Amino acid sequence: MIIPPFPGVRNTRKGLSADALYDLVRNAFGQLPDHRHPKATIPLTDAISSAFAMFSLKDPSLLAFDERRNDKNMKTLFGIGQIPSDTQMREILDPLEPDLLRPLFHDVFRQLQRGKALEPYVFHDGCYLLALDGTGYFSSNKVHCNSCLEKKNKQTGEVTYQHQMLGAAIVHPDHKEVIPLAPEPIQKQDGSTKNDCERNAAKRLLRKIRQEHPRLKLLVVEDGLASNAPHIRDLGESRMHFLLGVKPGDHEFLFDRVTEAFEQDRMTVFSWNEGDVTCEIAFTHKLPLNESNQDLLVNFLQYAEYGADGHRRKYFTWVTDLRVTRGQARHLVRGGRARWKIENETFNTLKNQGYQLEHNFGHGQQNLSVVFAMLMMLAFLVDQVQQLCCPLFRAVWKKLGSKRALWDNLRSHFRHFTFTSMQHLYEVILHDLAKELPAPRLDTS
Ligand SMILES: [Zn+2]
């Protein structure tokens, strides 16, 4: 059954609708070098586009996606000529170098810049807030590949194989949507038997982000694990400002200097009330980060909330290279607290809101697990851009009440009817046009 296009909400910014973004991504996939024999039956573009479509549709498994092999929508909406079987998709994507997918994130980012959709994300003095954090998404005692991290149980000798990634996303305290940049896998490096670690991955990621975005002004927000001297020096070399969580237990030397600054009246302190809650900010400048790096001076910012009983309920502390002023301190506190968006709005969404980051879609021998994780992040980026820029997408989401219902509807409409575009599909869902149709498409030819 073909439903005619329906005129509706059409004020999505040019280049930022689902159709424009799927086109953009599909064209970029087409530029990737094919590592296989020139006579390979399924084009690489089709295999990568298929994986991207699977994550865009939130199919629960490769097997579920396999049922789409005769679906005309795959050609019309995702531009896929030949859909590979699940086995073919795994074989084709396994040798793909994950870094080849990084430019795709940049292409979408550039569209956002062109569409002026990023301007509201500027946070402080022309800088965007860039939240960085690591997460694990695969763990097994049996399944493993060449790039798995290996953790050996000291008592039993049993090896656990893992995959982790360092994620990066532009966030803003006033906006729910996050704009992920390409993540960096934390994995065993080529020719190395030594496991990678988050700090090395961060070094690589900062370098790559700087290459991709040479002039982008960034203020990096991270948790307490990041407030160490080598990483702060890496941030400086990458010309990035920082606002990093810091904990008294991990930075005793620094917090002794903080106590001294309070005692010697070198701390600027001010407070205000919000209902029964008293909020207090304190800051000072040029404290040594730790005993062994006394030449590395950082500025210190603290935020606390006290209940009516005087009991401290919330307490956050950061170190930063930015000069803190009374006028800007509250704003910076909001920026520091927006760091959780990479955990909550990014990783938790990918794990629990239909994307299934922790599901094993296929592990492969070389890069498959990493390639799938990158493509899922790319599909998430495209979804976030739609959510940010496409009124039609937002209207459908609002009507259905949840993302889960939205993805379910998307899949069932996709299965039963034939559409001319994603806009067409969203309009049909929004205006309930499908239920007026006689019968769902039953043939699968
Ligand atoms: Zn692996």
Side-chain angles (χ1 to χ4, degrees), residues 29 32 35-36 44 47-48 50-52 54-55 58-66 84-102 104-105 132-154 156-168 180-205 208 342-343 346-352 355-380:
F29 287 148
L32 297 177
H35 51 272
R36 300 165 309 146
L44 179 67
I48 308 180
S50 295
F52 175 77
M54 175 174 76
F55 296 130
K58 321 294 176 285
D59 277 327
S61 66
L62 260 181
L63 212 59
F65 180 78
D66 207 35
S85 69
D86 54 343
T87 312
Q88 285 170 320
M89 196 202 287
R90 290 190 183 103
E91 281 174 7
I92 298 170
L93 299 187
D94 192 24
L96 191 73
E97 180 52 52
D99 262 8
L100 288 174
L101 298 172
R102 292 193 66 89
L104 277 284
F105 291 80
L132 301 182
D133 198 16
T135 194
Y137 62 90
F138 174 82
S139 182
S140 168
N141 295 328
K142 293 190 194 80
V143 180
H144 62 99
C145 69
N146 291 342
S147 59
C148 270
L149 291 169
E150 293 175 22
K151 296 246 160 85
K152 202 170 189 173
N153 184 310
K154 280 182 186 144
T156 62
E158 190 180 34
V159 176
T160 307
Y161 301 96
Q162 295 179 336
H163 278 272
Q164 296 170 9
M165 68 160 96
L166 185 64
L181 307 183
E184 177 66 21
I186 305 173
Q187 62 181 33
K188 210 156 76 181
Q189 294 300 290
D190 279 349
S192 167
T193 50
K194 206 167 149 251
N195 283 334
D196 198 5
C197 69
E198 194 166 321
R199 200 179 293 176
N200 287 337
K203 215 177 164 74
R204 293 193 300 275
L205 182 59
K208 289 174 188 177
I342 186 132
E343 279 180 34
T346 312
F347 297 145
N348 287 351
T349 302
L350 287 175
K351 289 176 184 179
N352 306 315
Y355 295 85
Q356 302 195 88
L357 179 61
E358 291 168 304
H359 175 75
N360 181 14
F361 287 88
H363 200 85
Q365 304 291 315
Q366 302 173 61
N367 302 318
L368 188 64
S369 174
V370 179
V371 166
F372 275 154
M374 298 271 291
L375 287 171
M376 184 184 288
M377 188 68 95
L378 183 66
F380 171 67

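It should be emphasised that the depicted structure is a prediction, and the values quoted were computed from it without experimental measurement. Ligands are counted one by one from 1 in listed order, and the atoms in each one are counted from 1 as well.
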Open item on the list: Centre-to-centre under 6.0 Å for His363 and Tyr161, is that the case here?
Closed with: no
Open item on the list: So, taking the atom named CD in Gln164 and the one named SG in Cys197, what distance separates them when rounded to the nearest 0.5 Å?
Closed with: 10.0 Å
Task: Nearest to the Zn ion (ligand 1) - the N/O/S atom of His363, by atom name - done: NE2
Task: His163 NE2 and Cys145 SG subtending at the Zn ion (ligand 1) (10° steps) - done: 110°
TODO: Could you tell me the separation between the NE2 atom of His163 and the CZ atom of Phe372, rounded to the nearest 0.5 Å?
DONE: 12.5 Å
TODO: Give a yes or no on whether Cys148 keeps an N, O or S atom under 2.8 Å from the Zn ion (ligand 1).
DONE: yes
TODO: Taking the six-membered ring for Trp and the single ring otherwise, decide whether the centroids of Phe65 and Phe361 are under 6.0 Å apart.
DONE: no
